[in-house]
Each structure stands twice: as structure tokens, then as C-alpha cells.
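Structure record follows, encoded as C-alpha cells.
If you read the sequence from its start, that first residue is 1, and numbering goes on from there.
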Amino acid sequence: MQNNKGFIFTILAVIGAIVVAGWVLKLTLHLIGPLVVLGGIVLLYLLLSKNKGSGV
């Protein structure tokens, strides 16, 4: 009986992990657009500030 409870707990834990992974993936896909834009702005700022510093 104890082994059966452990098996059921394991199955429920795996199902829960899959559900949480699905939520994380959905959230990541929704946020990837703004993150790419933000990364591009930061990269542009770093390139411009580096060029401004070397020109002086």
C-alpha cells in the first residue's frame, strides 16, 4: 500500500511539473517580443556610448 501511494504521488508530481512548464513557456513566448526590443535598445545604447567615449 505504501508503494502505491508513492507511485500516485510521483504521477501527480510529474503532471504538475508539466503544467507549470507549460505556463512558463506560455509566459516566455508572450514576453519575448518586449525582451527583444529592450535588448536591442540596451545594445544600441552600449554601442553609442562606447563610440562617444572613444571619439573624445
Side-chain angles (χ1 to χ4, degrees):
M1 191 68 175
Q2 185 67 20
N3 191 15
N4 196 16
K5 284 184 180 178
F7 180 72
I8 292 174
F9 180 76
T10 303
I11 296 296
L12 289 176
V14 168
I15 292 172
I18 291 171
V19 169
V20 170
W23 286 343
V24 169
L25 184 63
K26 182 188 260 188
L27 186 64
T28 302
L29 290 177
H30 281 297
L31 291 179
I32 198 160
L35 287 177
V36 168
V37 171
L38 185 64
I41 291 171
V42 169
L43 185 64
L44 187 64
Y45 171 75
L46 290 175
L47 288 174
L48 288 176
S49 66
K50 187 179 288 188
N51 286 339
K52 192 180 288 185
S54 64
V56 171

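Note that CD1 of I41 and CG of L44 are 8.5 Å apart. Values are rounded to the nearest 0.5 Å.
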With a 3.5 Å cut-off and sequence neighbours excluded, list the donor-acceptor pairs that the side chains of residues 8-34 form with protein atoms.
unit_1, atom_1, unit_2, atom_2, d
T10, OG1, G6, O, 2.8
T28, OG1, V24, O, 2.7

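Residues Y45 and L48 do not share a hydrophobic cluster, defined by chaining ILVMFWY side chains whose heavy atoms lie under 4.5 Å apart.
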